[in-house]
Amino acid sequence: MERIIMGSLEKWLKRKNRKPLIIKGARQVGKTWLMKEFGRKYFKYTAYVNFDNNEHMTEVFDQDYDIERILMAINIETHVKIIPEETLIIFDEIQESPRAIASLKYFYEKAPEYTIVAAGSLLGVAIHKGVSFPVGKVDTIQLNPMSFREFLMAIGEHELVKLINDKNYQLMSVFRDKYIDWLKKYYYIGGMPEVVSSFVEERDFSEVRYLQKRIIEMYEADFSKHTTERELPRIRMVWNSIPMQLAKENKKFLFGKIKEGARARDFEIAIEWLQDCGLITKVYKVTKPAVPLKAYIDFSSFKLFLLDVGLLSAMSDLDAKSILIKNNILTEFKGALTEQYVLQQLVADTDYTPYYFTESKSEGEIDFMIQKETNIVPVEVKAEENLRAKSLKTYCEKYKPAEAVRTSMSDYREQEWMTNIPLWTIITL
């Protein structure tokens, strides 16, 4: 299994005056594997400490921040030599030990020669509960489910990935059917590493769905373990409503669709909790397509997406045939899957922050808006080869953007007013 983010960890390792690194991300996105693989590739020794249900190691940090004593305790716990530059120290599920989080500041200030990587699935939740975070004393990086490129690498299609990386649209057109076939499979399988690994080994779609359901059950178990009785039903209601919200033609999140008479203030904490866990992404509407987009956010209007397209398929109880076989069964839901997929690639594989745009008196909506340096680029998402882009055309006529993009199952083509890029090359934006 290859993760593109490994290159970012290598750059961090070579950085002068590097700080302890915290890897953020939801459960099951591969944080533990990534840290251990990083240790295997770049270090002679790896000392792995997991704070989940590990009371004696938690007590080590509860005493004080004597670095020498802590290092000795790590040596006793892991039976691994702790040698500067030769040993990677891993703190997993670090949110379970608030003082271990705080200790990273002291490692940075008093013992920077030691290399530390930490991860916490529920770190955001812990911080909102009052756990002190060593701001300015740590580096952070976000790990997401496997992107489509990583999925292709996992199944052995490295040449297809190379064509994407090289922006070789001519050859991609030759292999278009292969890209479409694997893309539809990705809509069903998604990018959760355990699920992808199972598919690579077994090629069994039933096992894929079983593992996805198990991951969803694990997330839902976290709801009850890590929140209050008051917020629990609201978190469940928001979580369960997302597939239905995305199935609407207008994908703006509507509180009234959760429960009749529901108001934003009743569910703000629930949405924030799901964001803190890394389970959802909130995409805000902007009121004006101008630089900087962040200055024109409408905080009252947003869409909510899940962390993974495969989990969206599983929560929607879609069977493999309805996704993989060309038919009209998914007429309404194809758009939801495709928009979820595009959002997921933008989050995992680019540095852009996606927004969306609609004018108050207009029914047309620009699915995503991104800021490329000084340009605002509208992106319209099409599930199939239907190339009618009415909303995008209207937008371009009014605002005259320097660049406009439609992404679909069709080949790359440049037109006078916009460029069509295939869905599998969304990272080339």
Side-chain angles (χ1 to χ4, degrees), residues 1-25 27 29-127 130-143 278:
M1 193 104 29
E2 296 178 52
R3 300 303 304 263
I4 293 169
I5 200 172
M6 188 67 79
S8 299
L9 297 189
E10 185 181 356
K11 288 179 183 176
W12 167 79
L13 182 61
K14 294 177 179 177
R15 190 181 303 161
K16 290 182 179 180
N17 300 318
R18 68 171 180 266
K19 305 169 185 177
L21 179 67
I22 292 180
I23 301 174
K24 297 181 178 180
R27 285 195 192 278
V29 296
K31 297 185 300 300
T32 300
W33 177 89
L34 179 69
M35 293 188 293
K36 288 183 175 180
E37 182 68 4
F38 180 56
R40 186 189 68 79
K41 289 182 71 171
Y42 296 100
F43 293 85
K44 188 173 182 179
Y45 308 105
T46 299
Y48 176 79
V49 177
N50 191 324
F51 288 98
D52 190 26
N53 294 320
N54 192 340
E55 291 184 11
H56 63 277
M57 279 307 295
T58 300
E59 289 172 2
V60 167
F61 287 84
D62 285 345
Q63 293 180 37
D64 56 41
Y65 296 120
D66 183 329
I67 299 299
E68 187 175 338
R69 182 186 60 78
I70 291 172
L71 290 172
M72 191 178 298
I74 294 171
N75 170 246
I76 294 169
E77 168 76 6
T78 64
H79 308 290
V80 172
K81 296 178 182 178
I82 311 298
I83 303 172
E85 307 303 328
E86 293 188 14
T87 303
L88 176 66
I89 300 171
I90 296 175
F91 291 157
D92 208 353
E93 298 298 347
I94 195 172
Q95 80 279 350
E96 299 296 333
S97 176
R99 287 181 63 86
I101 297 173
S103 77
L104 298 179
K105 169 186 175 183
Y106 299 94
F107 272 102
Y108 171 61
E109 292 177 344
K110 299 179 180 180
E113 65 273 22
Y114 294 98
T115 309
I116 299 177
V117 176
S121 302
L122 297 167
L123 188 58
V125 174
I127 292 168
V131 172
S132 177
F133 190 78
V135 177
K137 306 298 181 181
V138 295
D139 294 318
T140 61
I141 198 167
Q142 181 75 29
L143 182 64

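Worth knowing before you read on, the calculation uses all heavy atoms, side chains too, and leaves out hydrogens, waters and symmetry mates. All residue numbers in this chain count up from 1 along the given sequence.
- Using a 4.5 Å heavy-atom threshold, the side chains of Ile22 and Ile141 count as separate.
- In the model, Thr46 has no side-chain atom that pairs as donor or acceptor with a side-chain atom of Lys36 under 3.5 Å.
- Nearest heavy atoms, Ser132 versus Ile101: O-CG2, 3.7 Å.
- Of all non-hydrogen atoms in Phe43 and Thr87, the two that sit nearest each other are CD2-C, 3.8 Å.
- Applying the ring pair (Phe, Tyr, Trp, His ring centres under 6.0 Å) rule to Phe91 yields the partners Phe51, Phe61; only residues at least two apart in sequence or on another chain are considered.
- The neighbour count for Met1 CE, taken as heavy atoms of other residues, nucleotides or ligands under 6.0 Å away, is above 12.
- Across Gln95 and Gly120, no two heavy atoms sit closer than the pair OE1-CA, 3.1 Å.
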| message | Please determine whether side-chain contact (heavy atoms from CB on, under 4.5 Å) holds for the pair Ile23 and Met35, giving the CA-CA distance in whole Å, both sets of side-chain angles, and the decisive distance to 0.1 Å. | response | CA-CA 9 Å; Ile23 301 174; Met35 293 188 293; 3.7 Å; yes

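- In this view, Lys137 and Glu109 satisfy the side chain to side chain donor-acceptor pair (under 3.5 Å) rule, not counting sequence neighbours.
- Residue Glu113 places its CD atom among more than 12 non-hydrogen atoms of other residues, nucleotides or ligands, all under 6.0 Å distant.
- Side chain of Arg69 to main chain of Asp64: a donor-acceptor pair is present (N/O by atom type, distance under 3.5 Å, no hydrogens or angles).
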| task | Run the numbers on Ser97 and Met57 for side-chain contact (heavy atoms from CB on, under 4.5 Å), then give the verdict. | result | CA-CA 9 Å; Ser97 176; Met57 279 307 295; over 6 Å; no

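- In this structure, the separation between CD on Glu86 and NZ on Lys81 is 8.5 Å, given to the nearest 0.5 Å.
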| message | For a side-chain contact (heavy atoms from CB on, under 4.5 Å) check, start with the C-alpha distance between Lys19 and Ile116, then their side-chain angles and the critical distance, and finish with the verdict. | response | CA-CA 8 Å; Lys19 305 169 185 177; Ile116 299 177; over 6 Å; no

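- Applying the side chain to side chain donor-acceptor pair (under 3.5 Å) criterion to His56, with sequence neighbours excluded, gives Asn54, Glu77.
- Side-chain contact check for Ile70 versus Val60: some heavy-atom pair is nearer than 4.5 Å.
- Qualifying side chain to side chain contact (heavy atoms under 4.5 Å, CB included) partners for Asn50, counting only residues two or more places apart in sequence or in other chains: Tyr48, Asp52, Asp92, Glu93.
- Under the side chain to side chain contact (heavy atoms under 4.5 Å, CB included) criterion, Trp12 pairs with Arg15, Arg18, Leu21, Phe38, Thr115, Val117, Asp139, not counting sequence neighbours.
- For Gly30 against Leu143, the heavy-atom pair with the smallest separation is C-CD2, 3.5 Å.
- Distance check: Tyr45 OH to Ile82 CD1 gives 10.5 Å after rounding to the nearest 0.5 Å.
- Considering only heavy atoms from C-beta on, Phe107 comes within 4.5 Å of Ile67 through its side chain.
- Nearest heavy-atom pair across Ala47 and Ile74 is CB-CG2, 4.0 Å.
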| task | Could you walk me through whether Ile5 and Leu34 pass the side-chain contact (heavy atoms from CB on, under 4.5 Å) test, one step at a time? | result | CA-CA 9 Å; Ile5 200 172; Leu34 179 69; 3.6 Å; yes

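- Under the salt bridge (charged side-chain N to carboxylate O under 4.0 Å, His left out) criterion, the residue pairs touching residues 2-11 are Arg3-Glu150, Glu10-Lys14, with sequence neighbours excluded.
- Here the closest heavy-atom approach between residue Lys105 and residue Pro134 is recorded as CB-CB, 4.0 Å.
- In this structure, Lys41 and Met6 have side chains that are in contact, with non-hydrogen atoms separated by less than 4.5 Å.
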